[in-house]
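A quick write-up on the structure given underneath.
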Amino acid sequence: MPLKSKLKVLITGGAGYIGSHVVKALGEDGHEVAVFDNLTSGNREAVLHGELIVADLLDRDALRKAMADFKPNAVMHFAAHIIVPESVKDPLKYYRNNTGATIDLLDAIQEADVRLFVFSSSAAVYGNPETAPVSENAPLMPINPYGTTKMINELMLRDLSLADAGFRYVSLRYFNVAGADAQRRIGQSYKHPTHLITRALKTAKGESPKLEIFGTDYPTFDGTCIRDYVHVDDLAAAHLDALRYLGEGGSSNVFNCGYGHGYSVREVVAAAKKITNIDFCTEETGRRKGDAAVLVADNTKIRETLGWEPRFDDLDYILKTAWDWEIKAG
Ligand code: UDP
């Protein structure tokens with residue numbers, strides 16, 4: 001559903017995978033957008049609408065200038081490092097870039113009197129949840145530094161909204177985001193992809209000799225981890241729903257964003273082989289550090305409160321759009 005009033009939205013990390021799909025959705029809905037991105041993992045060509053400001057979030061002057069020049073009504077914050085195993089190896093990089101930079105951003109927002117904020121959080125805040133599906137009320141017990149940075153940011157946002165009644169935010173806890181724009185304009189293009197679907201497709205393409213399956217002794221029906229894979233365009237739509245909710249006076253809130261059911265690593269591999277029609281090589285190896293056994297969203301709250309209605313709850317469609325994008329990327 002389109003937003004009633006048109007907004008000016010500043011998007012950190014808007015040249016990245018998820019951010020660029022949100023920029024596309026906002027632009028198509030007639031909003032004015034400005035992207036703030038240092039292009040370390042984002043791409044200039046991925047910004048389909050609005051102005052691109054190439055700068056680092058840790059550059060406070062650039063941040064202040066962007067706020068003063070663009071004068072946003074709302075900020076959406078995607079810029080972050082997102083690789084779980086890397087966060088385990090180099091935690092300070094994650095605390096600096098994900099938590100430190102968010103403090104600077106919130107400072108700049110306060111100074112510029114921006115009242116509405118949407119934050120990219122993650123199911124990683126739950127750690128190894130006791131329940132599947134997991135609801136927003138489950139305890140936050142991240143098991144890797146990446147998840148901890150997302151949890152700390154959520155707590156900062158909560159405290160800031162309590163201290164400043166005019167500041168309202170929505171935090172969206174993403175489950176496993178995958179897929180690409182159906183018109184193949186944008187998609188995932190990390191230099192060193194670590195995510196299962198991208199790695200599986202790159203293996204099918206012959207860029208890697210085999211796909212490793214990390215751990216076959218998890219307490220799941222086939223021994224491999226289960227994840228809730230959500231199409232990036234459905235996730236992007238959730239951001240517009242969040243903005244509408246805030247624009248209509250909704251109070252600060254946290255929502256899971258996933259379909260409510262999951263697939264095992266083996267099931268994803270089988271589906272990837274079917275969609276690509278390539279029987280690529282796999283190897284079962286040990287567990288990867290920091291991985292939870294099962295992460296599946298209870299999405300009751302986002303459906304009921306934000307009116308989010310997913311359109312692409314279909315693993316084959318997710319894989320097909322991701323595969324088409326991979327092929328185009330060459
Ligand atoms: N995985 C795997 N091989 C890979 C990449 C990932 O077996 O090359 C597994 C990983 O251990 C996890 C699941 O796939 O159980 C999803 O991992 P991904 O990195 O895609 O997302 P995460 O859940 O860590 O955010």
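All ligand and atom numbering here is 1-based and tracks the order in the structure.
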Should the pair His21 and Tyr17 be assigned to parallel (<30°), tilted (30 to 60°) or perpendicular (>60°) ring geometry?
-> perpendicular

Qualifying residue for side-chain hydrogen bond (donor to acceptor under 3.5 Å, both in side chains) with Tyr259, from Asp228, Asn299, Asn176, Asp234 | Asp234

Going by atom types alone, do Tyr126 and Arg173 pair a side-chain donor with an acceptor below 3.5 Å?
-> yes

Phe119-His239 aromatic ring centre distance below 6.0 Å = no

Distance dump, ligand 1 polar atoms to protein, N/O, under 3.5 Å:
unit_1: ligand 1; atom_1: 3 (N); unit_2: Glu212; atom_2: O; d: 2.7
unit_1: ligand 1; atom_1: 7 (O); unit_2: Glu212; atom_2: O; d: 3.4
unit_1: ligand 1; atom_1: 7 (O); unit_2: Phe214; atom_2: N; d: 2.9
unit_1: ligand 1; atom_1: 8 (O); unit_2: Arg199; atom_2: NE; d: 3.3
unit_1: ligand 1; atom_1: 11 (O); unit_2: Asp291; atom_2: OD2; d: 2.6
unit_1: ligand 1; atom_1: 17 (O); unit_2: Arg288; atom_2: NH2; d: 3.4
unit_1: ligand 1; atom_1: 19 (O); unit_2: Arg288; atom_2: NH1; d: 3.3
unit_1: ligand 1; atom_1: 19 (O); unit_2: Arg288; atom_2: NH2; d: 3.0
unit_1: ligand 1; atom_1: 20 (O); unit_2: Leu196; atom_2: N; d: 2.7
unit_1: ligand 1; atom_1: 21 (O); unit_2: Asn176; atom_2: ND2; d: 3.1
unit_1: ligand 1; atom_1: 23 (O); unit_2: Asn176; atom_2: ND2; d: 3.0
unit_1: ligand 1; atom_1: 23 (O); unit_2: Arg227; atom_2: NE; d: 2.7
unit_1: ligand 1; atom_1: 24 (O); unit_2: Arg288; atom_2: NH2; d: 2.8

For the rings on His81 and Tyr146, is their centre-to-centre separation under 6.0 Å?
-> no

Can you tell me if His261 and Asp313 form a side-chain donor-acceptor pair at under 3.5 Å?
-> yes

